[in-house]
Engineer: 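Before I ask anything, let me first share the structure, which is written out below as structure tokens.
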2 protein chains.
Amino acid sequence: MRYHRDDVVARALAVLDDHGLESLTMRRLAGELGVQPSALYHHVPNKQALLALVADEILARGKRPRRAKRWDRRVVEVCAELRDAMLAYRDGAEVVVTAHTFGLGAAEPAQQLREALRDGGLPDDVVDVGTRALLHLVFGHTAEEQMALQAASAGAIERAPGGPADFEHGLELVLDGLRARVNA
Amino acid sequence: MRYHRDDVVARALAVLDDHGLESLTMRRLAGELGVQPSALYHHVPNKQALLALVADEILARGKRPRRAKRWDRRVVEVCAELRDAMLAYRDGAEVVVTAHTFGLGAAEPAQQLREALRDGGLPDDVVDVGTRALLHLVFGHTAEEQMALQAASAGAIERAPGGPADFEHGLELVLDGLRARVNA
DNA sequence: ACCTGAACACCGTTCAAGT
DNA sequence: ACCTGAACACCGTTCAAGT
């Protein structure tokens, strides 16, 4: 059987979701594809690049249509989509956040947030600061939430995690600050 | 030479700062101490626990006296101390953030933020949401900033990173939201 | 273009045994 | 209490060679 890059990424995402990030090794992935580990390097330059592709695939699969018209509602919509996309796959948040930390992936949500803030009439520097603050909030909250969910499902803890309400509350804190800076 | 846990943690932090997180392996650390790798497991249960201790040591070394009286100024003070502490060591942000993601470390800054928000007269649920939002902001911003700084010093990029001004601006966004909720 | 086979240079962790 | 020696069960990546 001959594979293309998309097959490798799709299989990597399946391994991630079924067995977790710590089980997603190049050797394991090769084994699942029935191929030698070295064959993977024909499709992908290294593991970090593969994980960045997996991160983008997670976000692509979570895409939803934009409905909100008001800029601040659109911010909430984009952030909620981002959160849901990451939560939809085991260790999804960690993969996406790590890729972003290394300067890869998550470019599209960032761009959508920038546009929303710009449409809101915010000055350029506030658009910059606001976009990054919102991304950090979503990433941090979702990574923490997913960790708690997975710990709970493993029976390690009974504590209910933040959930969507806490998530939106945190967002509203930043949105308050942003609304106060419209037309500043 | 016989070591105690503190020696191991201190040496781990030195290896981290001198050679980076990717070089901080149990085998390398053992080598630097002139000891077999297996000897480390007398002082520490595993690598993850060691990294959590290193994270706490980074934060402990960055401790500064509290000066601000107003609750919101104290929030800025705590967050700035946290940022500076992480930036003071190579890959410091990544180590602290990872430890926090796995539910370890960074307990003291969280507690100090909680107290500041409580002193501000915020209701309990806002204290919770606000503390986590602030931590996520500081962690996200600092990890990104340190990544950019290290990429720049490696000559990979010329772009000047966020810096302290952007950091405080992001914080102010959240503080605006919090101030609006005092006595709510 | 895509893959095999074999190797290189490593990892974290365990455990019986020593002092 | 702290450490050695040796092993177990893995890693990511490279590279000549095959089809």
Side-chain angles (χ1 to χ4, degrees), chain A residues 1-57 90-91 94-95 98-99 101-105 154 156, chain B residues 1-57 90-91 94-95 98-99 101-105 154 156:
Chain A
M1 226 288 195
R2 248 122 198 266
Y3 296 107
H4 296 84
R5 171 183 280 212
D6 290 354
D7 304 312
V8 173
V9 173
R11 194 62 169 242
L13 182 49
V15 173
L16 178 75
D17 200 38
D18 290 342
H19 308 283
L21 181 56
E22 75 178 9
S23 294
L24 178 48
T25 68
M26 298 300 268
R27 299 179 104 100
R28 165 98 186 227
L29 176 57
E32 299 248 346
L33 290 166
V35 119
Q36 293 293 318
S38 50
L40 297 177
Y41 292 85
H42 194 81
H43 302 101
V44 122
N46 53 52
K47 187 179 181 179
Q48 188 181 166
L50 171 63
L51 287 175
L53 292 170
V54 170
D56 280 339
E57 180 67 16
R90 164 128 74 135
D91 292 329
E94 203 177 328
V95 170
T98 300
T101 299
F102 285 87
L104 311 160
Chain B
M1 226 291 195
R2 246 121 200 266
Y3 296 107
H4 296 84
R5 171 183 280 212
D6 290 353
D7 305 312
V8 173
V9 173
R11 194 62 168 243
L13 182 49
V15 173
L16 178 74
D17 201 37
D18 290 340
H19 307 284
L21 181 56
E22 75 178 9
S23 294
L24 178 48
T25 67
M26 298 300 268
R27 298 178 104 100
R28 166 99 186 228
L29 176 58
E32 300 249 345
L33 290 166
V35 121
Q36 293 293 319
S38 51
L40 298 178
Y41 293 85
H42 193 81
H43 302 101
V44 122
N46 53 51
K47 188 179 181 179
Q48 189 181 166
L50 171 63
L51 286 175
L53 292 170
V54 170
D56 280 340
E57 180 66 15
R90 161 126 78 132
D91 292 328
E94 202 177 325
V95 170
T98 300
T101 299
F102 286 88
L104 311 160

Engineer: Check whether any side-chain N or O of D17(B) sits under 3.5 Å from a backbone N or O of A14(B) as a donor-acceptor pair, and report yes or no.
Structural biologist: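 Pair absent, no side-chain N/O of D17(B) close to backbone of A14(B).
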Engineer: What is the distance, to the nearest angstrom, from the CD atom on E22(A) to the P atom on dG12(D)?
Structural biologist: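 In whole Å, dG12(D) P lies 12 Å from E22(A) CD.
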Engineer: Taking only residues two or more places apart in sequence, or in another chain, which ones meet A39(B) in a side-chain contact (heavy atoms from CB on, under 4.5 Å)?
Structural biologist: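 Once residues adjacent in sequence are excluded, the partners of A39(B) under the side-chain contact (heavy atoms from CB on, under 4.5 Å) criterion are V35(B).
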Engineer: Residues two or more places apart in sequence or in another chain: which of them pass side-chain hydrogen bond (donor to acceptor under 3.5 Å, both in side chains) with R11(B)?
Structural biologist: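 side-chain hydrogen bond (donor to acceptor under 3.5 Å, both in side chains) check on R11(B) returns nothing, list empty.
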Engineer: Given side chains that start at C-beta, do those of L33(B) and L40(B) come closer than 4.5 Å, heavy atoms only?
Structural biologist: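 Yes; the side chains approach each other to less than 4.5 Å.
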Engineer: Give me the residues of residues 7-14 of chain A where at least one heavy atom lies under 4.0 Å from an atom of DNA chain C, by number, or none.
Structural biologist: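 Those residues: none at all.
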Engineer: What's the gap between dA9(D) and dA9(C) when it is taken at their P atoms, as a whole Å value?
Structural biologist: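 Taking atom P in both dA9(D) and dA9(C), they lie 24 Å apart.
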Engineer: Applying a 3.5 angstrom cut-off to the pairing atoms, does DNA chain C sit in any stems of at least three consecutive Watson-Crick or G-U pairs? List them by first number.
Structural biologist: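 Result, WC/G-U stems under 3.5 Å: C:4-8 with D:12-16, C:12-16 with D:4-8.
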Engineer: Between the protein and nucleotides 2-9 of chain C, which nitrogen or oxygen pairs come in under 3.5 angstrom?
Structural biologist:
unit_1: dC2(C); atom_1: OP2; unit_2: H42(A); atom_2: NE2; d: 3.3
unit_1: dC3(C); atom_1: OP1; unit_2: M1(A); atom_2: O; d: 3.2
unit_1: dC3(C); atom_1: OP1; unit_2: Y3(A); atom_2: N; d: 3.0
unit_1: dC3(C); atom_1: OP2; unit_2: H43(A); atom_2: NE2; d: 3.2
unit_1: dT4(C); atom_1: OP2; unit_2: Q36(A); atom_2: N; d: 2.6
unit_1: dG5(C); atom_1: O6; unit_2: S38(A); atom_2: OG; d: 2.6

Engineer: Any donor-acceptor pair under 3.5 Å linking the side chain of H43(A) with the backbone of V8(A)?
Structural biologist: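 Side chain of H43(A) to backbone of V8(A): no pair is present.
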Engineer: Between atom CZ in R5(A) and atom P in dA1(C), what is the gap in whole Å?
Structural biologist: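 Taking atom P of dA1(C) as the reference, CZ of R5(A) is at 15 Å.
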Engineer: For D18(A), which residues count as a side-chain contact (heavy atoms from CB on, under 4.5 Å) partner, sequence neighbours excluded?
Structural biologist: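 Result, side-chain contact (heavy atoms from CB on, under 4.5 Å) vs D18(A): none returned.
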Engineer: Rounded to the nearest 0.5 Å, what's the gap from OG on S23(B) to CG on L29(B)? Could you check?
Structural biologist: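 So the gap between those two atoms works out to 12.0 Å.
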Engineer: Could you state the atom-to-atom distance from CD of Q48(A) to P of dC11(D) in whole Å?
Structural biologist: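 Interatomic distance, CD of Q48(A) to P of dC11(D): 19 Å.
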Engineer: Whole angstrom is fine here: how far is it from NZ in K47(A) over to P in dT13(D)?
Structural biologist: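 Atom-to-atom, K47(A) to dT13(D), this comes out as 8 Å.
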Engineer: Report yes if some heavy atom in the side chain of Y41(B) is under 4.5 Å from a heavy atom in the side chain of M26(B); otherwise report no.
Structural biologist: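 Answer yes - side chains close enough.
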Engineer: Please name all residues satisfying salt bridge (Lys or Arg N to Asp or Glu O under 4.0 Å) with R28(B), sequence neighbours left out, ordered by chain then number.
Structural biologist: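 If we apply the salt bridge (Lys or Arg N to Asp or Glu O under 4.0 Å) test to R28(B), skipping adjacent residues, the hits are E32(B).
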Engineer: So, using side-chain contact (heavy atoms from CB on, under 4.5 Å) as the criterion, who are the partners of D6(B) when residues are at least two apart?
Structural biologist: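 For D6(B), no residue satisfies side-chain contact (heavy atoms from CB on, under 4.5 Å) once neighbours in sequence are set aside.
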Engineer: Which whole-number value in Å describes the distance from L50(A) CG to dC11(D) P?
Structural biologist: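 Nearest whole value for this atom pair: 15 Å.
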Engineer: Using atom types as modelled, flag every donor-acceptor pair under 3.5 Å from a side chain in residues 46-55 of chain A to any protein atom, sequence neighbours excluded.
Structural biologist:
unit_1: N46(A); atom_1: OD1; unit_2: Q48(A); atom_2: N; d: 3.2
unit_1: N46(A); atom_1: OD1; unit_2: A49(A); atom_2: N; d: 2.9
unit_1: K47(A); atom_1: NZ; unit_2: L24(A); atom_2: O; d: 3.1

Engineer: Whole angstroms only, please: what is the CG-C1' distance between L24(B) and dG12(C)?
Structural biologist: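 Atom-to-atom, L24(B) to dG12(C), this comes out as 13 Å.
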